[in-house]
Amino acid sequence: MEETNDLMRQRKEKLNEIREAGIDPYPHQYAPTHTTSGILDAFEDVDETPDETNRVTIAGRIMTKRDHGKSSFAHLQDSTGQIQIYVRRDDVGTDSYKIYRRFDVGDIIGASGIVFRTRTGELTILADAVELLSKSIRPLPEKWHGLQDKQTRYRQRYADLIMNPEVKEVFVMRTQIVQAIRDMLNEQNFIEVETPVLQPIYGGASARPFTTYHNTLDQPLYLRIANELYLKRLIVGGFDRVYEFSRDFRNEGMDRDHNPEFTMLELYLAYADYLEVMELTENLIAQTVEKLHGTTKITYQDQEIDFTPPWRRITMIESIQEYSDFDPDSLSTHELYTKAVNAGVELAGDESKGEIIAELFDIFVESKLIQPTFIYDYPIEVSPFAKKKPENPELVERFEFFISGMEVGNAFSELNDPIDQRQRFMEQASNLAKGDEEAFMVDEDYLRALEYGMPPTGGLGIGIDRLTMLLTDQYSIRDVILFPQMRPEN
RNA sequence: GAGCCGUUAGCUCAGCUGGUAGAGCAUCUGACUUUUAAUCAGGUGGUCACAGGUUCGAUCCCUGUACGGCUCACCA
């Protein structure tokens, strides 16, 4: 049912009046010569005397309008900012001025005129022609407080973007972050590729997938939870450096740093191990921060974060020793389990030592890692695609990095031994059979690829949404995703 | 999934001990040819999220539902 109110009815009446005057309220094109910020830059020296040489044409949305009888001031907003226009009846003509008076805040109009400076010093366009480009029939939020309600801001991002310039700035920065990373990777001879979103077998991470169905093939398909296994197939195929900004989908809960669909950068680098990837990671991110902010020190939620390499490196076991009173090295699995349960850690009882260690890390360490920190050498049980450490087969060459208590990225020396990989898959498959919804299926085709031989390879995944949160000082992932997932309104 | 909080005019928000609702902005009418939260005068605008219950009477108290926020759980 069509939503309506007095304000909208009044605007529709104005729309009809404009049509009856023979004017198309939705014309097909317009040719502005300038942007608002371009004018503010280019005409900085202009004074109070209008000079015909300073003629411009702009287009934008009316954000404020102050009518004064036979003259009027308004601010027009375009994608670059705002500028004031000054419209006088004697300059635009009586008929045109009458139509102009039917314009509302929110309408998109074009204006031609001369740039000058008002008595109060504001650079302004003295308009001699104004033209309706699109009539707005739904009123914008109030100018002073803007749009505050989070629900409306997320559901009607368009209104949020119109009213809140700082929101727009966040999304411009998001694009700049992606662009900066892309530029650096391209410079280092990485190839950007595209791999399937619809996958017959999901893998590369442990998460519940979204399931769909292909009618013609008559088979279920899964929206990818990661693209890892496809990128590594490409390494097998001979692309030595590949990456993809991948929209991934995980059918899990939503909170301040989880959205069901999110963007991950994954990259793979042949002949590298995880230590080389560590170096690449800190440089990639530090340079991105530097490009965006001109420095590698920024403030996130009132805490200073220093991205200057090298970042702190500490093993997972060491971090647990440091941040809790557990020493996994000196305890048996059973002792560790007992102590953890006594400390209030919820465990089912069938966890392996590695799983308990990972759990202890999550509970006692993760939230305390404020400055960029590499946690490395993970238990093998929670890392089915990472290569074992030569000197300790219970650990793998894997790291994650944490900033402001958030996991931002994950990397390892990729497991390229097809026999070992098959065994790890089998363990996962048995977990799946035991009811672990996040274990995954055996990907025979991926194993076949490994059997052809994959070079030693380092891989990395970076959560682009979380990185953007950090670099734009946003508390919630919903504030760095244009259209975050929401329940239906009705 | 759990706990807490919220939902009142287009927007931002008040609303006391239960007595059928207010402000600012926006909007409308009039005045105003350098204003900028323009100003001045006068108006319009409400399913108090939804459904029940208690009560003589409910925006207010109770129950349920929907949506949202925060926290927790889940998410290697």
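Throughout, a chain's letter reflects where its sequence line sits, starting with A, and its residues are numbered from 1. This is a predicted model, so every value here is computed, not measured.
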Distances under 3.5 Å only, N/O to N/O: pair up the protein atoms with those of nucleotides 65-70 of chain B.
unit_1: B:C67; atom_1: O3'; unit_2: A:Arg155; atom_2: NH2; d: 2.9
unit_1: B:C67; atom_1: O2'; unit_2: A:Gln151; atom_2: OE1; d: 2.1
unit_1: B:C67; atom_1: O2'; unit_2: A:Gln151; atom_2: NE2; d: 3.4
unit_1: B:C67; atom_1: O2'; unit_2: A:Arg155; atom_2: NH2; d: 3.2
unit_1: B:G68; atom_1: OP1; unit_2: A:Arg487; atom_2: N; d: 2.9
unit_1: B:G68; atom_1: OP2; unit_2: A:Arg487; atom_2: NH1; d: 3.2
unit_1: B:G68; atom_1: O4'; unit_2: A:Gln151; atom_2: NE2; d: 3.1
unit_1: B:G69; atom_1: OP1; unit_2: A:Arg478; atom_2: NE; d: 3.3
unit_1: B:C70; atom_1: OP2; unit_2: A:Arg478; atom_2: NH1; d: 3.4

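- Atom CG in A:Leu7 sits roughly 5 Å away from atom C1' in B:G10 (whole-Å rounding).
- Residues A:Phe364 and A:Phe326 place their aromatic rings such that the two centres sit under 6.0 Å apart.
- One finds a salt bridge joining A:Glu261 and A:Arg247 here, because a Lys/Arg side-chain nitrogen approaches an Asp/Glu carboxylate oxygen to under 4.0 Å.
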Item checked: From CA spacing to verdict: ring-ring contact (aromatic ring centres under 6.0 Å, His included), A:Phe412, A:Tyr274 -> CA-CA 5 Å; A:Phe412 20 92; A:Tyr274 75 146; 9.5 Å; no

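- Contacts of A:Thr118 with the nucleic acid, taken as non-hydrogen atoms under 4.0 Å apart, include base atoms.
- Residues A:Asn259 and A:Ile477 share a closest heavy-atom pair of N-CD1, 4.1 Å.
- Spacing between atom NZ of A:Lys65 and atom P of B:U39 amounts to 16 Å, rounded to whole angstrom units.
- Judged by the 6.0 Å and 45° rule, A:Arg398 forms a cation-pi pair with A:Tyr378.
- Under 4.0 Å is where a charged nitrogen must lie from a carboxylate oxygen, and between A:Asp417 and A:Arg422 no such pair does.
- In this structure, A:Lys65 satisfies the cation-pi test against A:Tyr100, with its NZ or CZ atom closer than 6.0 Å to the six-membered ring centre and inside 45 degrees of the ring normal.
- A straight line from CG of A:Asp257 to P of B:A76 spans 12 Å, rounded to a whole angstrom.
- A:Phe116 comes within contact range of at least one nucleobase, with a heavy-atom separation under 4.0 Å.
- If A:Glu346 and A:Arg250 are placed on RNA chain B by their nearest nucleotide, the residue sitting closer to the 5' end is A:Glu346.
- A salt bridge links A:Arg312 with A:Glu322; the closest basic N to acidic carboxylate O contact falls under 4.0 Å.
- Rounding to the nearest 0.5 Å gives a distance of 11.0 Å between CD of A:Glu397 and CD of A:Glu414.
- One can place CD of A:Glu252 at 13 Å from C1' of B:G1, the figure rounded to the nearest angstrom.
- Look at CD on A:Gln148: it is 15 Å from C1' on B:G6, rounded to the nearest Å.
- For the pair A:Met254 and A:Leu147, both in contact range of RNA chain B, the more 5′-proximal nearest nucleotide belongs to A:Leu147.
- A stem is defined here as three or more consecutive Watson-Crick or G-U pairs, each with both distances under 3.5 Å; for RNA chain B these stems are B:1-7 with B:66-72, B:10-13 with B:22-25, B:27-31 with B:39-43, B:49-53 with B:61-65.
- Annotation: cation-pi pair A:Arg88/A:Tyr97 absent, no NZ/CZ under 6.0 Å from the ring centroid and within 45° of its normal.
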Check: Given A:Tyr202 and A:Tyr222, is the ring-ring contact (aromatic ring centres under 6.0 Å, His included) satisfied, shown in steps?
Finding: CA-CA 6 Å; A:Tyr202 60 93; A:Tyr222 304 96; 4.8 Å; yes

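- Counting any heavy atom pair closer than 4.0 Å across all strands shown, A:Gln84 reaches a base atom.
- Residues of residues 358-377 of chain A having a heavy atom closer than 4.0 Å to RNA chain B, listed by number: A:Asp362.
- Nucleic acid contact class of A:Arg101 (heavy atoms, under 4.0 Å, all strands): base.
- A:Ile114 has its CD1 atom 18 Å from the P atom of B:U34, to the nearest Å.
- One finds a salt bridge joining A:Arg174 and A:Asp465 here, because a Lys/Arg side-chain nitrogen approaches an Asp/Glu carboxylate oxygen to under 4.0 Å.
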Would you tabulate the pairs of protein nitrogen or oxygen atoms and nucleotide nitrogen or oxygen atoms of nucleotides 28-30 of chain B closer than 3.5 angstrom?
unit_1: B:C28; atom_1: OP1; unit_2: A:Lys14; atom_2: NZ; d: 2.3

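- Take A:Thr333 and apply the side chain to side chain contact (heavy atoms under 4.5 Å, CB included) test, not counting sequence neighbours, and it matches A:Lys353, A:Ile356.
- The existence of a salt bridge linking A:Glu252 and A:Arg208 is confirmed by a sub-4.0 Å separation between a basic side-chain nitrogen and an acidic carboxylate oxygen.
- Across all their heavy atoms, A:Met486 and A:Gln151 have their closest contact at CE-O, 4.1 Å.
- Rounded to whole angstrom, the span from the CG atom of A:Asn5 across to the C1' atom of B:A9 amounts to 9 Å.
- What separates CE of A:Met63 from P of B:A26 is a distance of 14 Å, to the nearest Å.
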Pick out the pairs of N or O atoms, protein on one side and nucleotides 20-25 of chain B on the other, that lie under 3.5 Å.
unit_1: B:G24; atom_1: N2; unit_2: A:Glu142; atom_2: OE1; d: 3.3

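- Here A:Glu381 lies out of heavy-atom contact (under 4.0 Å) with every strand.
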